[in-house]
Each structure stands twice: as C-alpha cells, then as structure tokens.
2 protein chains.
Amino acid sequence: MARAREAVAPAPAPAAALSAAQARVVRAALDLFAEHGVGGTSLQMIADALGVTKAAVYHQFRTKDDIVLAAAEAELARLEDVLGRADAEASPAQARRVLVASIVDLAVEGRRTTSVILNDPVIRQFFAGQERFRRVLGRMTTLLMGGTDAPDARVTTAVFLAAVSGAVMHPLVAALDDDTLRGQLRHMADKLLGP
Amino acid sequence: MARAREAVAPAPAPAAALSAAQARVVRAALDLFAEHGVGGTSLQMIADALGVTKAAVYHQFRTKDDIVLAAAEAELARLEDVLGRADAEASPAQARRVLVASIVDLAVEGRRTTSVILNDPVIRQFFAGQERFRRVLGRMTTLLMGGTDAPDARVTTAVFLAAVSGAVMHPLVAALDDDTLRGQLRHMADKLLGP
DNA sequence: GTCTATATATAGATAGAC
DNA sequence: GTCTATCTATATATAGAC
C-alpha cells in the first residue's frame, strides 16, 4: 500500500519520524485538544495526563507549537495516505469515489478527535500558514470537486467535508456504533454528491 | 413576531438584558472567539479590541465565564426566536420546513462567527452543562427529527446541522456572497432531508 | 465608565542534577 | 528520560482614584 502510494507521489516528507515517547505526548495532546481546544490546553495538562512533569514533555518537544504541529501532522499523514490511494485509481471518477469513502472512514475512525482538531482555530491557522498543509488540502478539494470550480461544486464539497467531520462527534450519534455510523454516512454522502 | 412566539412558550428568560456597553463587549468577544477560540482569547485581547483596559471590561462582566455565557446566550436567543416561529406553524411538517430554512439563514447571516462559536469545545461544555441550553437544543433536534428516533434520522439531523454550521465558514465558500451561499445551502438541505 | 496599580496564579520555557 | 527549581510573561481578577 505504501509502495503503491510512493509510486505516485515522491515522498511525503514527514517532518520527522516520532519516537515512542513523542508519539505518547502527541496522543495525549490530541485527546486534550479535542476536549478543551488547542488554546485551552496547557503543557501542564499534557504532562499531568502522562503522569510526568512539564520538563519531561519539553525534553520531547522544544515548544508547544511543535506539539501542535506534530498533532496536525499526524492527522495530515492519514489524509495523505488515502489521497495517494485515490490517485492510484484508474479514472478520476473512481478516484473520487474512493476518496469520499476513505474520508468517511477516517472521520469515523477518529470520531473523538479528528474532527475537533481540524475545526480548531489554532490548527486552522497552522494549516493556512504552512505550504505543505495547503498543498494536501488543495489536492483533496481538487479531487472532490471533480474538475469544476462552480459555486455549486464549492458548496457541495464544503458541505460534504463539514458534514462528515462535524457529524461524527455530534451528541445525536454518540450512541451509534462505528459500523452503523459509517454505513449511514456513506449513504448521506451518496445523497449529497450524487446527481 | 415576538408576540406570536410568546403565545407558545411562556418566556425565554434571557439571563439578563445586556446594556449597550455589555453588548459591545460581547460583540468584540464573539469575533475574537471565532478567530482564536474561546480558550485562546484573553480579557486583554478583548479590552484591546475595544480600546479600553481590562478593568473597564471587568466593570461590565464579573468574570470571563460571564462573557462566554453572554456570547453563547446571544447565539441561543436567535435560535429560540426561529424555534418559536417554527412552532407557530400549522403542521409539524411545515414547522420543520420553516426551521430548516431559518437555520440556514442564521448560519449564513453569522457565517464569520456563529458556527465557530457553536463548535468551540468550551462553549460545548457550557451548552452541555446548562439546563436552559439543553432544553432549546432538544426542542430543535426533536422538531428536525420529525417524531422518530431511528439511527438514520439521528445521522441525517447531525449531518444537516454539522453541514450548515461548518460549511458557511469553509475557505471554499469564502468568496461566495451571502445570497448565493444561502441558495446553494437550501438546495443542499432539500437533497439531504428530502425523501 | 474608565483609569492606574497591584495581587495571585499559571502560562511557556530553561538550567542543571540524577 | 525524568526530576526540582526557577525565570519571565501573561492570565484572571480586585482596589480604589477620577
């Protein structure tokens, strides 16, 4: 799978592979970001969640921004992966279908964190400011919009992305299991993106 | 219009009517919350935006939480208003149609702030913790779900709310004027909620 | 209603021992 | 890799003058 992907895009250049200790920090941070927002999460809170002191966390990351960046990077990497798989499809139409299904899968898989993170104002600014993030999001929207740039294509794509990423963490669906939610969301996507 | 609403629900009990000075604070806070998140917005930032000192802001509100509450309250009041109008309709089906259209209108009208606020983790906790908020949101979802409680109704409703509130502030639609966006979103809502 | 000044806590971040 | 201790800036919040 990774091989098929690399045949298309040269190298994703993951800023730097994370050590096990760094990965633990990022996981804890993601949970806290989802609950309190990035701006409302302190290094002390992250340290407490890990049962260590702030200094121990600073040993893994130089600044808080580096942690936020690593967290955003982790989410982006998953998106890049499915983008690569979609690009490997034979036709643009088929690529779009694969991408839509994969985005639903990603959202359901990370229903507690992914969506909240992506909607956080701080992360938004990170994504807007960094070339690498903009490129990946650009690839995604281009593929989803299917060649056009008309207002209805824009709105449809924005609605699809907002719907999927927002619905998975809505209280109304909290009691639904992953399989049910995934199936329902795929059906919704068909309705929305269909003719 | 307000009269028609009060004929249905006794009184919305707006925690306390805001003075002009308080309203200015809330407006400034809403803008900053939308840009930096509630957790990332300090009283100093709010004071700076108003061109006054922190002490002047504290003269209007006892704590930062009170400002957040007032901001959430302001958004809730708009929702209560359209809920009242919807309830005044003859049939449940007609009430639902009116509510759906009104929610789209609200989202487009406040496209720079409303959605961000409603998706902020801090506001979420406020809404979850306060009886009054839960009651209004409950009225809304009950009306939108149209009598059922099935998984597909839950997902459809969650998708609709997430789609509308999230899409209006998506970069893809930033260049669209309000009228175009509103029209497109109504069309999307029909697709989504239709048979 | 706004200011200056200040109290107190916590934020991000670093130094240096173990 | 983790700790204690500490620095500096900023956070929320208050007191009291104008």
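Chain letters run A, B, ... following the sequence lines, proteins first and then strands; every chain starts at 1.
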**OP:** Please identify each residue that fulfils side chain to side chain contact (heavy atoms under 4.5 Å, CB included) with A:Ala56, with sequence neighbours left out.
**Re:**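 A:Val52, A:Thr53.
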**OP:** Please identify each residue that fulfils side chain to side chain contact (heavy atoms under 4.5 Å, CB included) with A:Arg112, with sequence neighbours left out.
**Re:**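 With sequence neighbours excluded, A:Arg112 shows a side chain to side chain contact (heavy atoms under 4.5 Å, CB included) to A:Asp31, given in chain and number order.
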Original post:
If you look at every strand shown and take non-hydrogen atoms under 4.0 Å, does A:Ser42 touch a base, only sugar-phosphate, or nothing?
Top reply: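 Touches sugar-phosphate only.
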**OP:** Under 4.0 Å between any heavy atoms, over every strand shown, what does A:Thr41 touch: base, sugar-phosphate, or nothing? Just pick one.
**Re:**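 Answer is sugar-phosphate: A:Thr41 comes under 4.0 Å of backbone atoms only.
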Subject >> DNA chain C: 5'-most and 3'-most nucleotides touching chain A, 4.0 angstrom heavy-atom criterion >> reply: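 The contact span of chain A on DNA chain C goes from C:dA11 to C:dA15.
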**OP:** Can you run down the ring-ring contact (aromatic ring centres under 6.0 Å, His included) pairs that involve residues 82-133 of chain A, sequence neighbours left out, and say none if there aren't any?
**Re:**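 Sorted pair list: A:Phe127-A:Phe133.
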Original post:
Which pairs with one or both residues in residues 158-190 of chain B pass ring-ring contact (aromatic ring centres under 6.0 Å, His included), sequence neighbours excluded?
Top reply: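 For residues 158-190 of chain B: none.
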Subject >> Members sharing B:Met169's hydrophobic cluster (side chains within less than 4.5 Å) >> reply: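 Hydrophobic cluster check, B:Met169: joined to B:Val116.
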**OP:** Nearest-nucleotide wise, let me know which of A:Met45 and A:Arg62 is further upstream toward the 5' end of DNA chain C.
**Re:**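 Closest to the 5' end, via its nearest nucleotide, is A:Met45.
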